[in-house]
Each structure stands twice: as structure tokens, then as C-alpha cells.
Asks: 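Quick one: the structure is below, questions incoming.
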Amino acid sequence: MSKIVSLSLAAVMTLSLVSCGGDKKSGTPAPSVTPSVSTSSTPVVSSTPTVAPSTSDQPVQRTKAQLTRALLVLADLPSGLSVVPEDPSDAGVKPFSSKDAKCKTLVQYLNADSAPGSTVSVSRSFSAGQEGPDIDYGLDAMGEAKKVAALQSAYRAAVNSCRKVTLKVPGQGTSSMGVEEISAPKLGERPFAFRMTGLSGPQEGSEATAALAGVNDVILSVFIYAGQPGELDGAMKLAVDKAKKVLGTKSGT
């Protein structure tokens, strides 16, 4: 969840305009992350032993190193993508806002640097260049599966109670962004997904999709900008499969 929900969206929304607008360059198509391209291969996983979740009632104690190993790396993805380095200046920036009281919770989530209640958060971003796709992955340790479920329920309620938010991008102005829940890939535990679409302003016509799912005590998030139909499913499958292998899961979902 972390910064990928807000800062990366603000940074690459312009790229999705290029993808949707018809001013594309000719050449090699951008790499896809649909299952037919990349999920037939076994993701590269660290040789560090898998840490299975606790079977007791005690909260699972995750470390940043464990979560980082569970994130996808460049070798797990199709060729043509590159890692987007983190920008320290992005910390604390809050690009989303709304005058509608019903959107207060969603705005809080979108602007958060980490999932509310999380103990450890990690994220990693990838880009295929100007035409996209741009993909962000995040993992937030909540300690208990019931806390993951509670946050997912709250996030879904926040999405469904808010029709639009305002996105401010420095140097570009503000845009109205429509928000709606969409069908989620059936991966992980209690998955749900939503879409943000530019309704007006500099980001009009742009689109970003997101999916969140539980992996026992960890909430996993995937955000795609300038993507193609079906890419959210492929990106989510890669992320969920690796998270399960590295972090372990009691549900087997």
C-alpha cells in the first residue's frame, strides 16, 4: 500500500495519458505481465528459508527483510521493465483531497505512506518507459489475518462511498478522478480492486487500476498505470504467488 497508492500515481499519471491518447511511438510493444507471458515460470525466490506464519494466537512478527524478500524483483518479471528508484522528496506529500465528507477515509488511505495499523511496509516500482505499463507492488504486515480483513473491508467501503477525488500534481494543476470498484482477480484472500479515471483537468482520460489481497497477516497491493486489459490479473498472480512462497500461508488460498 504505502507510497505506491499516491505518490507513484501522481508521478506517472501523465504516462497513462500517452498510453490512452493515441500519440504513441512506433516500435517494440511494451512488455505484458499477463499470465500467458510470465506466470508459467517459477518466480525467483531468495534461498532464505520460508518463514511460516505463527499458529498461535500471538501476532505474527514480520521484519522488513522478510517482506522485502517477498516482493517481486526484476528477474521475476518480463523483459523490458526497469526498477524505478525511490525519491526521498516524495515523503509526506499528500496529492489527494476531497471536499466530500464521504471521501475522507479514502483520501486518508490514498495519501498514507503505509497501511493504517501496519507494523512494517515495503514497496517496489517498475516501469516499461514512456508508454507503460508502470507497476507498483506493496506489502504491509498487519500482525494478524483479522486485521488484514478489517482493513480490506474498510478500504472497500471507502471506495464505494466516494465517487471522485481531486489529484494535484505539481506543475500540472488539479484533476478530478472518478473512483469505482471493479472485479478483482481471484487471488489471495478476500481480494478487491478499484479503478481511478481522470474526469477533468490535465489527467482527463487517464486510468489506473489497483488490487489488494490478503496473504495471511500481510496485505498485498498492486497498482498499474497505462496498463492493458488483463495485466492486473497477471501482475497480481506473480505478486501473490511469490508472497505465499516466501511468507507462508495458513489458508492455502
Asks: Quick check against the 3.5 Å criterion: does Thr119 have a side-chain atom that pairs as donor or acceptor with the backbone of Ala141?
Replies: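 Pair found, side chain donor or acceptor close to backbone of Ala141.
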Asks: Spell out, as yes or no, whether a donor-acceptor pair under 3.5 Å connects the side chain of Glu181 to the backbone of Arg156.
Replies: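 Such a contact is absent between Glu181 side chain and Arg156 backbone.
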Asks: Considering only heavy atoms from C-beta outward, does the side chain of Leu238 approach that of Leu77 to under 4.5 Å?
Replies: yes
Asks: Are Phe223 and Tyr137, when compared by the centres of their aromatic rings, separated by less than 6.0 Å?
Replies: no
Asks: Please determine whether a side-chain nitrogen of the Lys or Arg among Arg62 and Asp217 lies less than 4.0 Å from a carboxylate oxygen of the Asp or Glu.
Replies: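 Yes, this pair counts.
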Asks: Determine whether Leu167 and Gln203 satisfy the following criterion, side-chain contact (heavy atoms from CB on, under 4.5 Å), listing intermediate values before the conclusion.
Replies: CA-CA 9 Å; Leu167 171 65; Gln203 311 303 335; 4.2 Å; yes
Asks: Could you pull out all residues at least two apart from Lys146 that satisfy salt bridge (charged side-chain N to carboxylate O under 4.0 Å, His left out)?
Replies: Glu144
Asks: For Asn216, is there any backbone N or O sitting under 3.5 Å from a side-chain donor or acceptor partner on Glu189?
Replies: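 Answer holds: yes.
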Asks: Are the side chains of Leu74 and Leu81 in touch, meaning some heavy atoms are under 4.5 Å apart?
Replies: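 They are in side-chain contact.
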Asks: Report the residues that fulfil salt bridge (charged side-chain N to carboxylate O under 4.0 Å, His left out) with Arg163, sequence neighbours left out, ordered by chain and then residue number.
Replies: none
Asks: Which residue pairs satisfy the disulfide bond (SG atoms under 2.5 Å apart) criterion with at least one member in residues 156-240, sequence neighbours excluded?
Replies: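 Those involving residues 156-240 are Cys103-Cys162.
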Asks: Tell me whether Leu199 shares a hydrophobic cluster with Met196, the cluster being built from Ile, Leu, Val, Met, Phe, Trp, Tyr side chains joined at under 4.5 Å.
Replies: no
